[in-house]
Structure formats: C-alpha cells, structure tokens
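Notes for the one structure printed next.
Counting starts at 1 for both ligands and their atoms, following the listed order. Residues: numbered from 1 along the sequence shown. These numbers come from a predicted model, not from an experiment.
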Amino acid sequence: MNVTRDLFNDVMVPNYSPSAVIPVKGLGSRLWDQTGTEYIDFAGGIAVNALGHCHPELVKTLKHQGETLWHLSNVLTNEPALRLAKKLVDATFAEKVFFANSGAEANEAALKLARRYALEQFGEHKNQIIAFNQGFHGRTFFTVTVGGQASYSDGFGPKPGNIDHLDYNDLASLESMISDKTCAVMIEPLQGEGGVVSPSAEFIKGVRALCDKHNALLIFDEVQTGVGRTGDLYAYMGLDVTPDILTSAKALGGGFPIAAMLTTTAIASHLKVGTHGSTYGGNPLACAVAETVLDIVNTPEVLSGVKQKALLFRQGLEAINQKYDCFGEIRGKGLLIGAVLSEKFAGRARDFLVESANEQLMCLVAGASVVRFTPSLIISDEDIKQGLVRFERAVAKVVNG
Ligand code: PLP
C-alpha cells in the first residue's frame, strides 16, 4: 500500500493536523522519514521517549515480555505490575499505585479519588476542584474541564461541575478562593503545555500549606515533568513539596503506553473494590517496559546527566539569542525547556517549528509564543550541538524573513 500524508485526510478523524513528514524509523535521538531524510529529535514524542528511540534495553524487555505474557486483565494480577509498583513506592512518597494507560486516565483516577475521599471523609459539600489557567491535564471530559483552557473543553455540552481556575503563581487568589468546600487542588509542578512555566518556591509551598489548612488534597500532575524530565525523578522532589496524589505517564513507558497514579494508603483506601478500574491498566507488557525505564532513569548518572545536558542546551540557546535577539527568556527545568519569543516574534512559535523541520530538526511549541524542547534524557552532547546548529539555521530563516 502506498502510504502518504494524503491518506491521513482520507481515513483519519480530522482532530489532528500532522506534519507532511512521515517518520518510519528511529534510533536514539535520530529519526528517518519515508524518503530516508534524517532528523534530530528534540521533541521526544512530546516528552515521552525519555531514552530515545528503540533503546536496546527497552527493545530487549519488550521482546522478552512479548514472548512471555502480554495481557491478563485485572481479574488476575501479574509480576511486572507488582514489581513496578514496588519500585515506584520505594522511590517516592507514595504507598499505593493504580495503573492506567494515559496521562488523562491517571488524572481521571486522581480526580475521582479526590472527590470520593472528600465525600466519604467530610461530606457532600466538599467537592470543589481548583486548578490553574493554561494548565493541561488531558482530554477526557473531567480532565479537560479541570485543564485551564476553555477552548479545549467548550463545545461539548454541559461540563462536570464545581471546577474553578486561578492564575498560576498567584497565591493570593488561591487564598481567597480555597475553603473547607475545596476537595482538591490539581496543579502541574511546572506547566508544560501552558508555556513551560515554573512555580515560584513561595507559591508552590503556599499551595501545600493552604491545602493542609482546608483539608484539600494536593494533586501533582507529573505526566510531563515526571520520570527524570526535570533532573529529579519527580519534580516534587526538587521543590521540597510533597503532594497527596501524583500522576505519571508519558516518559514512564518510554514510548509504550502506561500511566500511574500514586498516593498514600489512607487516601487509596477510598477506592474500594469495584469503585474504579481499567481493562488494560497494569498489563504485564507495559509494566515490564516501564520497569526497565525506571531502572535506567532512576540512577544518579541519568538524573545528573539531565542537569548537565540542560546546561549545554541553555548555553546553546542563549548563544543563538545573542546573535538573533529573538527570545525574551529561556525557561523551564532540566530537559523541559521553553524559549519564549520576544515581543517582535510573539505568536510565531509555529514558524520556528516549521523551519526547524525544514532544517531536519524536530521540536515543539507550547502555546503560540514558546518553542519547547523535550529531548531524550540521554541525548548525546554531540546530538544537542548538531541539533542546535540546525535550530540556528531555522532561527536565521525566520528572523531574516
Ligand atoms: N497532563 C499533562 C501535564 C500533560 O502534559 C499531558 C499531555 O500532554 C496530559 C496530562 C495528558 O496525557 P495523555 O495525552 O497521555 O492523556
């Protein structure tokens, strides 16, 4: 069959608008398209391919588990799921794990758990969920409504109720809105899709304190920041603030779909038998791959490597900015980096992405005015340097018109 980009328009639901390039092969931080053209990958499948493409250890695990046992359903438990859960519990604040298949599903579980916990522990009146403008938590109707972009949740009829949004980093607003009717505050400990925005130390610590004061659960959505992305295994570890519930997906499977919701025993006890579930969640194939991802990422070499590579990346971007004066700020943490376009180029992040692809470099945007980079956590220094040479050519094209 002749597979072309036109076929997408013929057979796919039109909710995406993919690039004309169709990659057919990946290795490490390189991709090749149908014509054999090679690309450097600074996008990493939107912060998913934490160990690059086709990492030999992941391939080995996938092959081994693929020849052993794929799927059972949650009528039966399985060894890879229990091993992965034990490792997640040992590595974090959490005592209990629920597995799902995507970030949205892990967040859906977190929100349902928070609502149920509040209902059973305090009563029906405690059901308000507070989240933040520009936040992103997935596309199920509950999670997209909790997300802070009405344009994503509008147009589908009546929304789940009692969800309020405030500005990120605005502690005073939270202080005036939160009350004993608040059941949970959901927040990304570094907003990814919303423009790569870090919380101030005062804000994130203040959010924790206000949640404690009002018996509201603090949910950290670490779907994008988790599994080494910021240089800590989870971003909360670098903020010195511990959530009550944490969600992880994306990098957890290194490209194989899996997600997890982590919490304490006391909170988890409210999801009794039959209250929630997933057919695929925690299947042996996904859990085996994620166990290998965790074994590799949760090491001092990889985590300190992220910090060192982030420095190299930022220095390169600053050098480009010195020449072309197109960024107002380079921000983010670890290998979740946002280059914020200066006033002159505001709204044109997509142009930088398109020119990058023309220069054989894959990158991302985060909103209209931020170019985002989420490469493999183990990208070689050489690939970073070569990728930035390509990015500079793209920048030059945009800047020089
Ligand atoms: N939460 C955050 C912070 C995300 O960045 C994303 C995806 O970009 C999601 C949730 C949704 O994850 P998924 O697309 O796997 O459902």
How does [X] reach ligand 1, if at all, at less than 4.0 Å between non-hydrogen atoms: by side chain, backbone, both, or neither?
X      : value
Ser102 : both
Glu193 : side chain
Lys250 : side chain
Thr143 : neither

Distance under 4.0 Å to a non-hydrogen atom of [X]: what atoms of ligand 1 satisfy this?
X      : value
Phe136 : 1 (N), 2 (C), 3 (C), 4 (C), 6 (C), 7 (C), 8 (O), 9 (C), 11 (C)
Val223 : 1 (N), 2 (C), 4 (C), 6 (C), 9 (C), 10 (C), 12 (O)
Asn107 : 1 (N), 10 (C)
Glu188 : 3 (C)

Quick one: look up the protein heavy atom nearest [atom] and list residue, atom name and how far away it is.
atom                    : answer
atom 1 (N) of ligand 1  : Asp221 OD2, 2.7 Å
atom 11 (C) of ligand 1 : Gly138 CA, 3.6 Å
atom 5 (O) of ligand 1  : Gln224 NE2, 2.8 Å

With a 4.5 Å limit on heavy-atom distance, are the side chains of [X] and [Y] in contact?
X      : Y      : value
Ile258 : Phe256 : no
Ile337 : Ile330 : yes
Leu111 : His137 : no
Leu218 : Ile187 : yes
Asn169 : Pro199 : yes

Best match, Gly253, Ala47, Gly103, Ala100: closest heavy atom to atom 12 (O) of ligand 1: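 Selected option, by shortest heavy-atom distance: Gly103.
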
Specify whether the nearest protein heavy atom to atom 14 (O) of ligand 1 is under 4.0 angstrom away.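 Not a single protein heavy atom is under 4.0 Å away.
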
Has ligand 1 got any nitrogen or oxygen that is less than 3.5 angstrom from a nitrogen or oxygen of Ala104?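 Yes.
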
Qualifying residue for side-chain hydrogen bond (donor to acceptor under 3.5 Å, both in side chains) with Gln224, from Glu188, Glu193, Gln191, Arg229: Glu193

If you count every heavy atom of other residues, nucleotides or ligands that lies below 6.0 Å from Lys159 atom NZ, does the total exceed 12?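 Correct, the count exceeds 12.
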
Answer with yes or no after comparing the ring centroid distance for Tyr234 and Phe93 against a 6.0 Å cut-off, counting only values under it.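 Between Phe93 and Tyr234, which both carry aromatic rings, the centre distance is not below 6.0 Å.
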
Shortest non-hydrogen contact from Ala85 toward Phe99: N-CZ, 3.9 Å

